[in-house]
Amino acid sequence: MDLVEVLPSRLHMLRFPIGQAYLWQDGGALTLVDAGTVESAAEIEGAIRSLGLLPERLERIVLTHCHRDHVGAAGELAARWGARVLAHRLDAPVIRGERPVPEPVLLDWEIPLYAHGLTVPEAPPTRVDRELEDGDVLGFGDGAYVVHAPGHTDGSIGVHLPHHGVLFAGDCIAAVGPLMLGVFNVDRRRAVESFRRLAGLAPSVACFGHGDPLTVDTAPALAKAAAETPGE
């Protein structure tokens, strides 16, 4: 795992072989956005300690959606350190193991990538302490707003910190190579609409589930990519 500083004393990216998570600091209080794979808990704890922070100060784990490379270690971390797990209402039953993970509608070129993604161990059923809705305000980052961004999954969300100009886009947007619509969507039309909605927030920093964060010319780059993505 690589630990990458995005904003000094505020935001770090935790990069795993597949996917990544983000650690936000409000003083000593910590929020994790996504939780890597089921095998990632020890690495996440080690990363927190390496920053001189305490894992027992982990207050919440916000899951952008229900996929295994985002949910994996959430249950173990929450059980060990008392963090609350937050996810959108529509993905919460999947995260809890009450419903199957929704199957995406794959484009031909996505098929081998999807097969590779399935090599990640499945996430165990994980409790959700708070079910989120569009517009909910979360208690970190001087006001973090939930932005429902369906299409990748029904309950995919972005998390917007307007005071800091930061957007966590989950897998709605990807930056692996060119900035683009995320892959493996259950509904491409809705995913494109969500891409455009998130781009319209005009953040100065955008963090993705796959690919490096954007920190320079972020708003115009997102706007251009969203405008050039066909809706069908």
Side-chain angles (χ1 to χ4, degrees), residues 1-89 91-97 120-133 136-146 155 157-164 166-170 205 207-209 213:
M1 185 203 75
D2 297 323
L3 181 63
V4 180
E5 184 179 75
V6 182
L7 293 175
S9 302
R10 278 290 190 180
L11 177 61
H12 285 78
M13 177 176 68
L14 290 70
R15 183 164 50 204
F16 307 103
I18 295 180
Q20 50 221 26
Y22 294 89
L23 183 70
W24 179 268
Q25 300 170 231
D26 287 306
L30 305 177
T31 296
L32 192 65
V33 179
D34 291 324
T37 69
V38 69
E39 301 164 334
S40 301
E43 289 183 304
I44 292 171
E45 290 179 18
I48 291 171
R49 294 187 188 280
S50 75
L51 295 170
L53 303 169
L54 299 175
E56 53 262 42
R57 295 296 306 278
L58 183 61
E59 295 187 354
R60 65 187 65 77
I61 302 169
V62 184
L63 301 176
T64 61
H65 62 288
C66 62
H67 286 161
R68 61 182 72 185
D69 56 323
H70 294 256
V71 174
E76 182 176 348
L77 291 168
R80 187 173 298 176
W81 302 113
R84 301 180 73 223
V85 179
L86 288 63
H88 192 273
R89 170 180 55 83
D91 271 19
V94 181
I95 293 166
R96 290 192 294 258
V120 172
E122 289 188 21
T126 298
R127 76 172 198 261
V128 176
D129 299 297
R130 179 179 172 186
E131 295 188 5
L132 303 174
E133 298 284 356
D136 282 353
V137 182
L138 310 182
F140 74 99
D142 299 295
Y145 289 82
V146 174
I157 60 170
V159 182
H160 184 215
L161 282 58
H163 183 78
H164 298 278
V166 172
L167 172 68
F168 299 98
V205 175
C207 300
F208 313 108

Self-check item: Criterion side-chain contact (heavy atoms from CB on, under 4.5 Å) on Val159 and Leu167, from CA distance to verdict
Solution: CA-CA 6 Å; Val159 182; Leu167 172 68; over 6 Å; no

In a table with atom names and distances, give each donor-acceptor pair under 3.5 Å that connects a side chain of residues 2-19 to protein atoms at least two apart or in another chain.
unit_1: Arg10; atom_1: NH1; unit_2: Gln25; atom_2: O; d: 3.1
unit_1: Arg10; atom_1: NH1; unit_2: Asp26; atom_2: OD1; d: 2.8
unit_1: Arg15; atom_1: NH1; unit_2: Asp212; atom_2: OD1; d: 2.6

Quiz item: Any side-chain heavy atom of Leu86 within less than 4.5 Å of one from Asp136?
Solution: no

Self-check item: Distance, nearest 0.5 Å, that separates CG of Leu30 from CH2 of Trp81
Solution: 11.5 Å

Quiz item: Does the side chain of Val71 reach to within under 4.5 Å of the side chain of Val94, using non-hydrogen atoms?
Solution: no

Exercise. Give a yes or no on whether Glu122 atom CD has more than 12 heavy-atom contacts from other residues, nucleotides or ligands under 6.0 Å away.
Key: no

Quiz item: Could you give the distance from CZ (Arg89) to CD1 (Ile157), rounded to the nearest 0.5 Å?
Solution: 12.5 Å

Self-check item: Heavy-atom closest contact (Ala35 atom, Ala73 atom, distance)
Solution: O-CB, 3.2 Å

Quiz item: Is there a donor-acceptor pair under 3.5 Å between the side chain of Arg60 and the backbone N or O of Gly139?
Solution: yes

Exercise. Quick one: pull up CD1 in Ile44 and CG in Leu58 and give me the separation to the nearest 0.5 Å.
Key: 9.0 Å

Self-check item: Test item: Asp142 side-chain N/O and Leu161 main-chain N/O as donor-acceptor pair under 3.5 Å
Solution: no

Quiz item: Taking all non-hydrogen atoms of both residues, which atom of Ile95 and which atom of Ala87 are closest, and how far apart?
Solution: CD1-CB, 3.5 Å

Exercise. Ignoring hydrogens and angles, tell me if any N or O in the side chain of Asp91 forms a donor-acceptor pair with the backbone of His88 under 3.5 Å.
Key: no

Quiz item: Shortest non-hydrogen contact from Ile61 to Leu77?
Solution: CD1-CB, 3.9 Å

Self-check item: Non-hydrogen atoms of Ala29 and Glu59 that approach each other most closely
Solution: CB-OE2, 3.4 Å

Self-check item: Leu132 to Leu138 - nearest heavy-atom pair and separation
Solution: CD2-CD2, 3.7 Å

Quiz item: Which heavy atom in Phe208 sits nearest to a heavy atom in Ala169, and how many Å separate them?
Solution: CD2-CB, 4.0 Å

Self-check item: Distance, nearest 0.5 Å, that separates CG of Asp69 from OG1 of Thr37
Solution: 8.5 Å

Quiz item: How long is the span from the CD1 atom in Ile48 to the CG atom in Leu32, to the nearest 0.5 Å?
Solution: 6.5 Å

Quiz prompt | Test item: Pro121 and Arg68 side chains (from C-beta on) under 4.5 Å apart, heavy atoms | solution = no

Practice problem: Report the residues that fulfil ring pair (Phe, Tyr, Trp, His ring centres under 6.0 Å) with Tyr22, sequence neighbours left out, ordered by chain and then residue number. | Solution: Phe168

Quiz item: Is Thr126 reaching over with its side chain to a backbone N or O of Pro124, donor-acceptor style, under 3.5 angstrom?
Solution: yes

Exercise. Could you tell me which residues satisfy ring pair (Phe, Tyr, Trp, His ring centres under 6.0 Å) with His65, sequence neighbours excluded, listed by chain and number?
Key: His67, His70, His152

